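Values below: all heavy atoms of this structure, side chains included; hydrogens, waters and symmetry mates excluded. Please read these numbers as outputs of a predicted model, since none were measured by experiment.
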Amino acid sequence: MDNNAPIGVFDSGVGGLSILGEIRRLLPDEHLIYLADSAHCPYGIKHLPEIRQRTLVVAGYLIELGAKMIVVACNSACAAGLDQIREVHPEVPVVGVEPAVKPACNRTRNGKIGVLATKLTLTGAKFSSLVEQYGSGIEVYTQPAPGLVELVESGKVADPEAEDLLHQYLDPLLERQVDTIVLGCTHYPFLRPLIQKIAGPKVLILDTGAAVARQTRRVLEQKGIRNLGGTPGIDHFYTSGEPAEVAKVVKLLWKSGQEIVVRKAAV
């Protein structure tokens, strides 16, 4: 595997940019390919077999583009198809994401945590396993949050509409006096300022972006494929949706100062 080859990162839409940003900060020499499967977004409301098929198609496309590693930057996609990607492409290392249940259970002060995520993530075996493994003695309150992904996809990350919808989902958790809230979808970190505003400064908000970036670095080093060329990596963006529309939101969320070009992906 060529160390200079890119890392392929994908999500149902633009939410995985929250993961991509952490990878870029930690691994400045790496070339990155990001694919937003916008034509099939959101994943979290679809049936598991459909999402599993999409994850295999998108991961395969990134490998065709030369990706040396795949990062599945979507909790729903990981719940549905992470193991299948590894089975079909054993030659390519794959890193996934999972809700930050473990750190939330470790850091809660009053033993009450809330988890904001898609229905598919919250009903998946992986999430149940995390709660069973780390949630002993902890009250874990879950909250499906339909509509938030669509708001981020349209760039409405600071709109009154987003704040109103967040109140619907956060208020029940806050009434239960949770002191820690897990953002169990990679889209949600882009709503963090509003979430923190509603929750208040004493509530800890957790996501897994930095942890995924660290795991990506560990795997690259274990496999001997980390790029240490000393020159800044290049970012490439693709979408299965309408490139011009997706580019508008990428420019809003990906604040790199570079020109943003989103290409059409044949998936």
Side-chain angles (χ1 to χ4, degrees), residues 11-22 36-47 51 73-77 79 97-101 104 107-108 110 112-124 127 139-209 239 241-242 244-255:
D11 177 41
S12 64
V14 297
L17 292 172
S18 63
I19 301 289
L20 194 77
E22 297 291 348
D37 193 16
S38 310
H40 300 86
C41 185
Y43 282 174
I45 62 173
K46 292 180 169 59
H47 296 297
I51 303 171
C74 174
N75 285 274
S76 295
V97 299
E98 64 184 28
V101 172
R107 297 180 67 178
T108 177
N110 67 1
K112 298 180 180 181
I113 72 170
V115 183
L116 205 64
T118 66
K119 181 180 178 181
L120 188 143
T121 295
L122 294 175
T123 57
F127 180 75
E139 296 179 44
V140 180
Y141 300 103
T142 60
Q143 179 60 62
L148 292 184
V149 168
E150 290 87 342
L151 286 173
V152 175
E153 287 294 313
S154 60
K156 297 178 180 178
V157 295
D159 289 30
E161 181 182 354
E163 187 167 358
D164 290 344
L165 191 57
L166 281 167
H167 266 292
Q168 293 182 35
Y169 301 140
L170 294 173
D171 288 352
L173 297 177
L174 297 172
E175 288 171 5
R176 294 178 180 272
Q177 299 182 321
V178 302
D179 70 352
T180 305
I181 294 176
V182 174
L183 305 184
C185 172
T186 57
H187 283 76
Y188 300 170
F190 292 112
L191 297 165
R192 182 189 287 267
L194 284 180
I195 293 171
Q196 194 75 71
K197 174 186 174 183
I198 294 168
K202 294 183 179 180
V203 175
L204 178 65
I205 311 297
L206 294 177
D207 67 75
T208 55
T239 182
E242 174 50 52
E245 294 302 314
V246 173
K248 293 177 185 177
V249 184
V250 174
K251 289 175 183 177
L252 174 69
L253 302 179
W254 188 252
K255 300 173 182 178

- To the nearest 0.5 Å, tell me how far L165 CG sits from L194 CG. 11.0 Å
- Message: Ignoring hydrogens, what is the shortest heavy-atom contact between G13 and S38? Give both atom names and the distance.
- Response: CA-OG, 4.3 Å
- Message: Return the CD to CG distance between Q143 and L166, rounded to the nearest 0.5 Å.
- Response: 10.5 Å
- Task: May I ask you to decide if Q177's main-chain N or O and N110's side chain share a donor-acceptor pair within less than 3.5 Å?
- Result: yes
- Message: Between L116 and L170, does the side chain to side chain contact (heavy atoms under 4.5 Å, CB included) criterion hold? Intermediate values first, please.
- Response: CA-CA 8 Å; L116 205 64; L170 294 173; 4.2 Å; yes
- Kindly indicate whether the side chain of H167, heavy atoms from C-beta on, has any atom under 4.5 Å from the side chain of I198. yes
- Of all heavy-atom pairs linking L120 and A79, the shortest is CD2-CB, 3.7 Å
- Item | Donor-acceptor contact below 3.5 Å, side chain T186 vs main chain A73 | yes
- Note on the structure: Smallest heavy-atom separation, P144 atom then L122 atom, equals N-CD1, 3.5 Å
- Query: Is T121 close to V115 at the side-chain level, that is, under 4.5 Å between some pair of heavy atoms?
  - Reply: no
- Output for pair (I19 CD1, C74 SG), nearest 0.5 Å, gives 10.0 Å
- Query: Can you list every salt bridge (charged side-chain N to carboxylate O under 4.0 Å, His left out) pair that touches residues 188-197, not counting sequence neighbours?
  - Reply: E163-K197, R192-D207
- Query: Are any of the side-chain heavy atoms of L206 and I113 separated by less than 4.5 Å?
  - Reply: no
- Taken to the nearest 0.5 Å, the spacing of L173 CG from T142 OG1 works out to 8.5 Å
- Query: Y169 side chain to P146 main-chain N or O, any donor-acceptor pair under 3.5 Å?
  - Reply: yes
- With E150 via side chain to side chain contact (heavy atoms under 4.5 Å, CB included) - residues at least two apart: P42
- Looking only at non-hydrogen atoms, find the nearest pair between V249 and S154 and report the distance. CG2-C, 4.2 Å
- Could you give me the CA-CA distance, side-chain angles and deciding distance for L151 and E161, then say whether side chain to side chain contact (heavy atoms under 4.5 Å, CB included) is met? CA-CA 8 Å; L151 286 173; E161 181 182 354; 3.5 Å; yes
- Does the side chain of V14 come within less than 4.5 Å of E153's, by heavy atoms? yes
- When rounded to the nearest 0.5 angstrom, what distance separates CG in N75 from CG in D11? 9.0 Å
- Item | Gap separating the CG atom of L204 from the CZ atom of R107, nearest 0.5 angstrom | 4.5 Å
- Item | side-chain contact (heavy atoms from CB on, under 4.5 Å) partner of P99, the single match among T208, V182, L183 | V182
- Working for side chain to side chain contact (heavy atoms under 4.5 Å, CB included), residues E139 and T108: CA-CA 10 Å; E139 296 179 44; T108 177; over 6 Å; no
- Query: Under 4.5 Å between any side-chain heavy atoms of S76 and K46, yes or no?
  - Reply: no
- Message: Is it the case that the side chain of Q196 and the backbone of V203 share a donor-acceptor pair, with hydrogens and angles ignored and the cut-off at 3.5 Å?
- Response: yes
- Measure from the side-chain N and O atoms of T239 to the backbone N and O of A36, and report whether any donor-acceptor pair falls under 3.5 Å. yes
- Query: Quick one: does D37's side chain get under 4.5 Å of Y43's, heavy atoms only?
  - Reply: yes
- Query: If we only count heavy atoms from C-beta on, is the V149 to V152 side-chain gap below 4.5 Å?
  - Reply: no
- Item | pair T118-Y188: side-chain heavy atoms closer than 4.5 Å | yes
